[in-house]
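Naming: A, B, ... by sequence-line order, numbering from 1 per chain. Values below: every heavy atom of this structure, side chains too, minus hydrogens, waters and symmetry copies.
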2 protein chains.
Amino acid sequence: MDDFLTLDKQLCFAIYETSSQFSKLYSKVLEPFDLTYPQYLVLLALWEQDGIGVMALGEKLRLGTGTLTPLLTRMEKGGWIRKERSREDERKVHVYLERKAIEQKAGITQAVQSAIATCRISMEEYVQLMEYLRRLQEKLARAKQHVGS
Amino acid sequence: MDDFLTLDKQLCFAIYETSSQFSKLYSKVLEPFDLTYPQYLVLLALWEQDGIGVMALGEKLRLGTGTLTPLLTRMEKGGWIRKERSREDERKVHVYLERKAIEQKAGITQAVQSAIATCRISMEEYVQLMEYLRRLQEKLARAKQHVGS
DNA sequence: AACGATTAAATCGTACACGATATATTATAG
DNA sequence: CTATAATATATCGTGTACGATTTAATCGTT
């Protein structure tokens, strides 16, 4: 009688699936710009706060340098950003938006918005989901401490 | 005034973060068994339906053969599963649980359950979230058609 | 001033994840 | 009965993602 062990009853899998769906949808929308989904997330973070340090960026995105460094290298090669070592502290590296990322902001965000608009997610649904996810994230963070000990 | 473009207001990012959290938590719990999170999902699917074909497994997990084939190869090497070519149709390959996967089922699921239990997710929260996610998945699936055209 | 501890990035090795292509087998049309 | 289409899986190339280690710079204490 372990019916609750079914894949389609697992919250973790529902999140996993949805995340994968988002990733695929966004990838399709971003493809014309030669951007991947994680790269778009980096742009979102930088549009919000340009010149941020690599570490702060990693905290925002929950990504370590093992993921971030090569990702930023590719974005630099693509002409989206520029990495610059800090003068005051030579350990730190700041990430700056290049002209391309600023100029194409409107086009990119509009393409994403119009794709999301076709979903017709109601404001109530959106707000509720965000709140449920926030609470879940708190609980998962606490659980991680438990397991670590 | 594009405050809604902030990372922490994006539903896609909230899902992305939560998925990452689940993955990290489960990875920690599964590490003693030498299992990764996606490998655990494969076991869930097989405990539910042993001997399933690779394609059906991919549909359950929303994974293509580009991901599944190497994943299953690693699980075979780890002694969890066995791949067997179908007699009637030599194109098809069925995936069977090995003794190890059957014997360790109780231990694995109990370890996962006890980690999740520390989250103290209420039944109401669980049911609501699953329902919201189901609806969101439908909408994302429809949006993907739109974009594709 | 000097040296161990801390911090910030980069690097490394492994494992997904995806779309595109290749390969092999079965089904089907003529 | 054969040429072709369809199907199932494998392979390939690229891009995350993660933990662990390495490298380099700064800080703290003596």
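Atom-to-atom distance recorded for E131(B):CD and Q128(B):CD is 7.5 Å, nearest 0.5 angstrom. Atom NZ of residue K92(A) and atom OG of residue S86(A) lie 6.5 Å apart, to the nearest 0.5 angstrom.
A donor-acceptor pair under 3.5 Å links the side-chain atoms of S27(A) to the main chain of S23(A), judged by distance alone. At distances below 3.5 Å, not a single donor-acceptor pair connects side-chain atoms of E76(A) with backbone N or O atoms of I81(A). Here the side chain of W47(B) pairs no donor or acceptor atom with the backbone of L5(A) at under 3.5 angstrom. The main-chain N or O of A14(B) is found under 3.5 Å from a side-chain atom of T18(B) such that the two form a donor-acceptor pair. Using a distance-only test at 3.5 Å, with no hydrogens or angles considered, a donor-acceptor pair links the side chain of Q39(B) to the main chain of T36(B).
Residue R74(B) places at least one side-chain N or O closer than 4.0 Å to OP1 or OP2 of dC16(C). When the side-chain nitrogen and oxygen atoms of S20(A) are compared with OP1 and OP2 of dC18(C), one or more of them lie within a distance under 4.0 Å.
K28(B) comes within 4.0 angstrom of no nucleic acid atom, judged by non-hydrogen atoms across all strands. Within the 4.0 angstrom heavy-atom criterion, no nucleotide atom of any strand lies near L68(B).
Rounded to whole Å, the distance from CE on M75(A) to P on dG15(D) is 13 Å. For the pair L61(A) CG and dC18(D) P, the interatomic distance rounds to 11 Å; values are reported in whole Å. Note: OH (Y16(A)) to C1' (dT16(D)) measures 13 Å, nearest angstrom. Counting to the nearest Å, the P atom of dA8(C) and the CD atom of E84(A) are 19 Å from each other. Regarding L30(A), its CG atom lies at a distance of 11 Å from the P atom of dT16(D), rounded to whole Å. In this entry the distance linking NZ of K92(B) with P of dA6(D) reads 18 Å, nearest Å. Going from atom CG of L71(B) over to atom P of dC16(C) covers 4 Å, rounded to whole Å. In this structure, L72(A) atom CG and dA17(D) atom P are separated by 12 Å, rounded to whole Å.
Salt bridge status for E90(A) with R85(A): absent, with no side-chain N to carboxylate O gap under 4.0 Å.
Ring orientation note: the planes of H94(A) and Y96(A) are tilted relative to one another, at an angle of 30° to 60°.
Of the residues in residues 34-53 of chain B, not one comes within less than 4.0 Å of DNA chain D through any heavy atom.
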Mind listing the N/O atom pairs, protein and nucleotides 19-28 of chain D, below 3.5 Å?
residue	atom	partner	partner atom	Å
dT26(D)	OP1	E90(A)	N	2.9

